[in-house]
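As the structure is a prediction and not an experimental result, all values here were calculated from the model. Order of the sequence lines fixes the chain letters, A, B, ..., with proteins taken first and strands second; residue numbering starts at 1 for each chain.
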Amino acid sequence: MTAAEAPAWLGRRVPRIEDAALLRGRGQFVGDIVRPGMLHARFVRSPVAHGRLLGLEVEAARRAPGVRGVFTAEDFRPHLTSPELAVAMPAGAIRYVVNPRVLAADEVCYAGEAVALVVADTPHAAEDAAALVRLDIELLPPALDPGSALEPGAPRARLGCADNLLARFTVAYGEVAPAFEVAPHVFRDRFHLHKGGGHSVETRGVLAEHDRVDDMLTVWSSAQMPHRNKGVICAALGRAEDRVRVVAPDVGGGFGPKFVCYPEDVAVPLAALLLGRPVRWIEDRRENFAATTAERDQLWDVEVAADAQGRLLGLRGRLLHDHGADTPYGIALPQNSATNLLGPYVLPAYRLEISVALTNKVAATPTRGAGRPQGTFVMERMLDRIADELGIERAEVRRRNLIPPLAMPYRTPLTTRDGAAMIYDSGDYPACMADALRLAGYEDFRARQKAAREAGRHIGIGLSNYVEGTSRGPFETAAISIGPSGQVVLSTGASAQGQGTATVLAQVCAGVLDMDPARITVRTGDTAAIAQGLGAFASRQGPVAGAAVLQAARLVREKALLAASHLLEAAPEDLELVNGAVRIRGIPADRLSLGQVAQVLQGMPGFPLPPGLSPGLSSSVAWQPEALSYANGTHVAEAMVDPETGRITLLRYLVVHDSGRLLNPSLAEGQILGGVVHGIGHALLEETLFDAQGVPATLGYPAYRLPSAPILPWIEIHHRETPTPLNPLGAKGVGEGGTIPAAAAIVAAVEDALRPARIRITQLPITPRRLRTLLAAA
Amino acid sequence: MKPAAFCYHAPRSLPEALAILEQHPEARPLAGGQSLMPQLNARQVTAPHLLDLNRLDGLDGIEEAEGCLRIGAMVRQAALLRSPLLRRHLPVLVEAAVLVGHVATRNRGTLGGSLCQLDPWAELPLVATLLDAELELAAPSGTRRLAFRDFAQGPGRNALRPGELLTHARFPIPAAGTRQAFVEIADRPNDPAEAAAAVSLRLGAAGEVTSAALAVCGPFPMARRLPEGEAMLLGWRPGADPRPLVSGMPLPDAADDDRAAMVRVALRRALERAMA
């Protein structure tokens, strides 16, 4: 980057340009948008985990007051190109591609699966009428436990699949068996790792309106991937791409589940088309628990081999993954767990056999961390085990296994899900951990622990390292256009769920065009604003969309300078772009605003454009990252445990992370803080439960426990900045690193607090009751 | 999560409210609404008639009367925390009220609502049980008084007769020198308690316990007193280790051993705190 393009706004704590509207209550979430003549939808859902749907009686609902339409799979069938959503993601190992159905027919495969849609004048009337729909279901035995689901003769989760083995694959490299043969130390553990949902403040919501004048179907959806949703809607309804627009307006949190394109995303637009009226559906919290995808259970059975110095020789075992009833996200979740297990360590040999079980539950898809926290948990806890068994300090064991900075870029023997080599591009892992230990006062902790114990307090410390592949491709888009108004409009395929995406992208653009970011209009999440786009997943939008914006802004800048050189009759190298205007160096009075340049590039009938220039002061870029860039970090947690009650109090939490160059430290800290809190929930509280018949037992927040402010410790965040060579901004993603190592660090701290009792925590979340059980057995 | 249709009544006075209730005995009184409204929205409860008590006068005061603190049924839980009278005379009720729900729910939730709702884990019924509170129940024919122990009949079940409304609760002001404490064990502050214990002890001239009240909740259908435990405490002296005493106390009807153990922890800590 040359001095002339110095991104003056990057790295600064620029206040969010989104907040002026949001803090004044002027946000436009799906639930705020009201269209003339709008109707309200309510889904009728399966109350059972598995059954044959023998019949649906909807006549009473159709006759109910205020009802405008009741739809079943049969009613929808003539209007859909397929009864299923075309959402499958490619995966060689998958044995059954089970796309979600728009509405279930013949068989229901999880409690919460939509079977009918009622549309009425008010949400109340729709809910009244939905209660009148009678389902005739012949109960089928459900497959619930992923282990027994894979046993011969187990009840099948879907009658259309011969068994419940959705996929079996192996992640492996190196000479595993010989490593275990020669290893002086082998330790085995089994882990039952539960992870919960996304739990955004705003549930899902879809509003669809068909404009008959221009035959345009507009869908406002609280989604992370509006362009992808548009593709699914066009394919399902057989509508041309220029007759569907999907908008993700203000979105109150995504965290993964809104990546998925759901049956409701097609059913609501179809109902709007059939009724000729706008239809809005706002998911209620109980539906959010029952019908929105979430992570769930993984059972790990692993052995680790180490030499006498605690160096890793190999790791092998099995991972059993509870997948749920259909495949809206393929099998990337257990894949992430398996590949992220390596973390920042040299692991010479590795073999993990992964079995993915179909079960009669809502599909498991990524939430923040996307399977990586579980892989990290297993590796970090096995390192702690090695340390404890061999009498080596836990940090020292890590030091002996960390990838040294001189090995960067470090080519792991693994491939990522797109088949490319998994290469850690940059970072200094030992220095990062050393920073964390120093800042946490790790060396003094044993003295503090001893003093606390003498005062009757059980405190402990835990440590965890992670890497995270960020900035996933294949691309993200940005388009910048400036007209005679001088307004800069930046459109992107990125979508915003509250992260501050618009602010970060405006900062990138403002740096190149030398103007205040607040003067830039950023349009995210609207398929009408830009033709192509992906959206929010895999901690990618800052770096990937940011790089696209950087290129697009440079193109606009170059064009503006070239056009101005003709208009001001000066060489382009004598021009500079200052404060949103082009001027001749040393002669500040001779200046053209970007609006004036745009005016000229708009063309004058019959007059030529300046030589060599195409019309319009605009640019459009799709930037394609060549590989994932790997962020890393170290977390240190201090916990206090009440051995009598099993209550765990987090006393302190420290993060040192390296996410490359920070575009906006405040926003990065917001991401990390939220991520850590998500990780605290993962470690201590959050658990989605089902009853013995497979019906969700956690349908609200009294039962499903989220981390709330009173239980949070002070969370201290320190930055390291190793720019990635893979991105012109040097930035890596920062959305999930807060979550990935948290459970491992917290659980280690809890175990440490209870020494000399040797407690081995192998199940998440670690609730007081579970801890009491472990203590009673110790 | 939209409620089924209901008829909404918003009387301005107690007689008006009682008249509506006489006409619609099935009407559900709406106090703070922090339990009822979510249940209506989730359609776990349907009520054809809702009787909103929020506009009634005279039910939101706290006063001293006949050796008691007489607290209006519509006093918000948040107001319990702020009341100088309560802080002076009944700090144990304040200690308990801090643990009721969250700031936002306490701003709406009422004492009367909590006493009528009778959630098994609820803090305010536990204190009412501990202190032998007495309730004033109004009907068109007049007001009767009923001991809380006779009022609380089970989880969610109270002894209100059709047409009656709870208007006030009377908590006896403890004699000088009484030691009281409230301890709760919950996963997160403000979660429903796994176990809670409240104690009220009177000490004799030599510092020995001369009368004791113990109330616990958690693994029971509702808050309960522990008469055997109270008897065991007589003569106990502060400073003595409460552990043997507490571990020997019968806990009839506890749902499971693990939570019973938590009740004992709460009891012991409450005794220690009362005597500290």
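- Proximity to chain B is limited to the side chain of A/L685, based on heavy atoms less than 4.5 angstrom apart.
- A salt bridge links A/E644 with B/R243: the closest approach of a Lys/Arg side-chain nitrogen to an acidic carboxylate oxygen falls below 4.0 angstrom.
- In this structure, chain A has a heavy atom under 4.5 Å from the side chain of B/R43, while its backbone stays farther away.
- Both the backbone and the side chain of B/P3 come within less than 4.5 Å of a heavy atom in chain A.
- With a 4.5 angstrom heavy-atom cutoff, B/N41 touches chain A only via backbone atoms.
- Judged by distance alone, with hydrogens and angles left aside, the side-chain atoms of A/R769 form no donor-acceptor pair with the main-chain N or O of B/D258 at under 3.5 Å.
- Residue contact with chain A, scored on non-hydrogen atoms closer than 4.5 Å, is absent for B/R264.
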(message) Using side-chain contact (heavy atoms from CB on, under 4.5 Å), reason through B/D187 and A/R647 one step at a time and then give a plain yes or no.
(response) CA-CA 7 Å; B/D187 280 9; A/R647 253 98 205 134; 2.8 Å; yes
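- A donor-acceptor distance shorter than 3.5 angstrom exists from the side chain of A/E127 to the backbone of B/M1, with no hydrogens or angles considered.
- By number of non-hydrogen pairs under 4.5 angstrom with chain B, the leading residue of A/E287, A/R286, A/R42 is A/R286.
- In plain terms, the two heavy atoms of A/I711 and B/P189 that are nearest each other are CG2-CD, 3.6 Å.
- Contact of B/A266 with chain A is not made at all, since no heavy-atom distance falls under 4.5 Å.
- Atom CG of B/D256 is surrounded by more than 12 heavy atoms from other residues, nucleotides or ligands within 6.0 Å.
- Ranked by heavy-atom pairs under 4.5 Å with chain B, the list A/P768, A/P707, A/G646 is led by A/P768.
- Interatomic distance, A/T645 OG1 to B/E194 CD, rounded to the nearest 0.5 Å: 8.5 Å.
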